[in-house]
2 protein chains.
Amino acid sequence: MTSQDEGADGSEQGRGAARTRERGLHGRVLASLGPAITAGEYPPGTVLLTEELAARYEVSRTVAREAVRVLESMHLVESRRRVGVTVLPAEQWNVYDPQVITWRLAGADRGRQLRSLTVLRSAVEPVAARLAAEQATPEECAALTEHALGMVATSRGGQLDNYLVHDIDFHRAVLRASRNEMFARLGDVVAAVLTGRTQHDVMFSDPRQEAVTLHVQVAEAVRERDGARAERIMRTITEDAMAELDVLAP
Amino acid sequence: MTSQDEGADGSEQGRGAARTRERGLHGRVLASLGPAITAGEYPPGTVLLTEELAARYEVSRTVAREAVRVLESMHLVESRRRVGVTVLPAEQWNVYDPQVITWRLAGADRGRQLRSLTVLRSAVEPVAARLAAEQATPEECAALTEHALGMVATSRGGQLDNYLVHDIDFHRAVLRASRNEMFARLGDVVAAVLTGRTQHDVMFSDPRQEAVTLHVQVAEAVRERDGARAERIMRTITEDAMAELDVLAP
DNA sequence: CTATTGAATACGTGTGACCTTTGGGGTTGA
DNA sequence: TCAACCCCAAAGGTCACACGTATTCAATAG
């Protein structure tokens, strides 16, 4: 087998959102241009020339054009004849694109992005928990309980990494059990937020035991088909998350 | 090839009407391939060949590749060497992409899509209403009231089209006033859902007066900075929308 | 039966040319 | 003065062709 240089870039934390995709040259251009634009390095209205991009990244115009096409589909730029590639204002960005989210979380306004996503979580996850309680299969209930117990088991002794895995799996399972594709698709977003919180906010201490208990209670409520209770407890969890964010990043 | 525009085939007769603002040839390929894939015409795992696409749409491989790149950024397909362009399962689709939403709303599982989006609305809009009540500027409050009054004025006499415009403007204003970019970005989604409901479900009659009143009350609550009330009333509105959907499309 | 190796294949990339659109500036005329 | 008109250069859009390269599959040797 030939050399697989793929794993060389290191940092392979939780699978899913952090999957760096630099497939092809156009991917490399994207990996550089995307973060730059979302970080605001190019103010809205800035005009980039395809030829200039091709020269800067030492690729052919074809490759540069492919990158521009992708950026265009994310509404980060607009390509017009005789004008060039214009950077669009942030209001038009496709902020639900996982790639855009990743770029922004890695960039300058990481704080604002984290806040926006946490608010979104606070709206979606309680409703998802209620729907999960109403529709989850026994297998999904079991998985939910297992993930909650995993959180309990890793909540002490500085096993933050393992705790994070179970936390992510738990929320992902709730979203999937809601049987709503729009909710399920937010699993990656939640994973990114939780990962970001653990990495960024220097959680030196173990997670708060009340938070762990709340997760267990959500699993119980779902198992008992108590949608209202599941929703209520999940709302407490997300409100705690927002409060935590306010304390750590005012 | 010298005369590339409508040579002998002449299949471009609807050029004026079909000018769907699709920029460039790759846009036309997308406008055909995207709906086809999201409609399930190509089951997951189906392999499309770039060369084959180029031939089918009578474009160069370059153009076909650009279209594939965009589809790939939406996670509708995956392009791998030696194997071709593989259609991905629906679970991986970027269902928040406005383009994907449009395609799916125009296609076969329009019903399921409408239901998913309505559930999403029921989660997001009440929270957005609360945030709007807490943070809206006087100008935004005024605009909100104006849109609500517009709904009142057009709620009788079969002015459904005008009513729809005010309805959309109202919900869009609430989402924008929430000061959350993720919520604000759902304005288009809500607009699509409301439009779809009006067009599809044959609302022969005028909108229910209770619904109109609820909108006015939301505007009042926001103006009075009563977040809890705004959230509660908006929740009633979205629950009504879901109930309506259950009645009309069981 | 397993592992190695080789070839066919389809995407990936680069290049150079030409076409099409479009915005701007200069000209003309009322 | 100002409007309408026209012309042209600029930039993206499209194309065909060539070569690179990873990946799959099957034939082969151990």
Side-chain angles (χ1 to χ4, degrees), chain A residues 1-9 20-33 37 42 45-73 75-88, chain B residues 1-9 12 15-16 19-33 37 42 45-73 75-88:
Chain A
M1 193 174 296
T2 57
S3 64
Q4 301 248 1
D5 57 341
E6 205 165 281
D9 60 8
T20 312
R21 45 189 318 149
E22 289 189 9
R23 274 214 314 256
L25 286 188
H26 81 103
R28 263 181 34 204
V29 177
L30 271 179
S32 176
L33 248 189
I37 294 177
Y42 302 98
T46 303
V47 175
L48 307 167
L49 272 42
T50 328
E51 208 134 1
E52 172 193 312
L53 293 175
R56 187 190 316 173
Y57 293 101
E58 294 178 330
V59 296
S60 70
R61 220 167 60 113
T62 309
V63 172
R65 283 171 50 75
E66 287 177 12
V68 169
R69 285 278 108 82
V70 175
L71 256 25
E72 203 175 17
S73 85
H75 291 90
L76 260 52
V77 302
E78 185 187 29
S79 175
R80 287 176 59 196
R81 288 187 173 192
R82 178 65 175 114
V83 173
V85 179
T86 313
V87 176
L88 293 176
Chain B
M1 195 169 289
T2 52
S3 62
Q4 57 194 11
D5 63 330
E6 56 235 68
D9 66 6
E12 304 287 331
R15 188 170 284 258
R19 189 175 289 274
T20 44
R21 215 177 297 167
E22 303 294 349
R23 273 199 298 274
L25 286 189
H26 80 102
R28 254 195 286 172
V29 177
L30 270 179
S32 176
L33 249 188
I37 293 177
Y42 301 98
T46 303
V47 174
L48 306 168
L49 273 43
T50 316
E51 203 117 19
E52 171 194 313
L53 293 175
R56 188 191 314 173
Y57 293 100
E58 295 176 331
V59 295
S60 70
R61 222 165 58 104
T62 308
V63 172
R65 283 172 50 75
E66 286 177 11
V68 168
R69 284 280 172 274
V70 175
L71 257 24
E72 203 175 17
S73 86
H75 291 89
L76 260 51
V77 303
E78 185 186 29
S79 174
R80 289 176 56 200
R81 282 187 162 159
R82 175 64 175 104
V83 59
V85 179
T86 313
V87 176
L88 293 175

For the base of D/dG13, is there a side-chain donor-acceptor partner from A/R80 under 3.5 Å away? no
Report yes if a donor N or O on one partner sits less than 3.5 Å from an acceptor N or O on the other, where the partners are the side chain of A/R81 and the base of C/dT20; otherwise report no. yes
Could you check how far [atom1] of [X] sits from [atom2] of [N], rounded to whole Å?
| X | N | atom1 | atom2 | value |
| --- | --- | --- | --- | --- |
| A/E66 | C/dC11 | CD | C1' | 11 Å |
| A/R61 | D/dG13 | CZ | P | 9 Å |
| A/R28 | C/dG12 | CZ | C1' | 13 Å |
| A/L25 | D/dT21 | CG | C1' | 12 Å |
| A/L71 | D/dG12 | CG | P | 14 Å |
| B/E51 | C/dC11 | CD | C1' | 10 Å |
| B/H26 | D/dG13 | NE2 | C1' | 9 Å |
| B/R82 | C/dT13 | CZ | P | 18 Å |

Regarding B/L53, tell me which of base, sugar-phosphate or nothing describes its non-hydrogen contacts under 4.0 Å with the strands shown. nothing
Base, sugar-phosphate, or nothing: which does B/V68 touch, judged by heavy atoms less than 4.0 Å apart? nothing
Minimum heavy-atom distance B/V68-B/S79, with the two atoms named: CG1-CB, 4.2 Å
Minimal non-hydrogen separation, A/L53 against A/A64, with atom names: CB-CB, 4.4 Å
Please tell me if [X] has a side-chain N or O lying less than 4.0 Å from either OP1 or OP2 of [N].
| X | N | value |
| --- | --- | --- |
| A/T50 | D/dG12 | yes |
| A/T62 | C/dT13 | no |
| A/R23 | C/dG12 | no |

Closest to side chain of B/S60, choosing from C/dG14, D/dA16, D/dA11: D/dA16
Steps toward side-chain contact (heavy atoms from CB on, under 4.5 Å) verdict (B/Y42, B/L33): CA-CA 10 Å; B/Y42 301 98; B/L33 249 188; 4.2 Å; yes
Using a cut-off of 6.0 Å, state whether more than 12 heavy atoms not belonging to A/E51 lie near its atom CD. no
Is the shortest distance from a Lys or Arg side-chain nitrogen in A/R69 or A/E72 to a carboxylate oxygen in the other one below 4.0 Å? yes
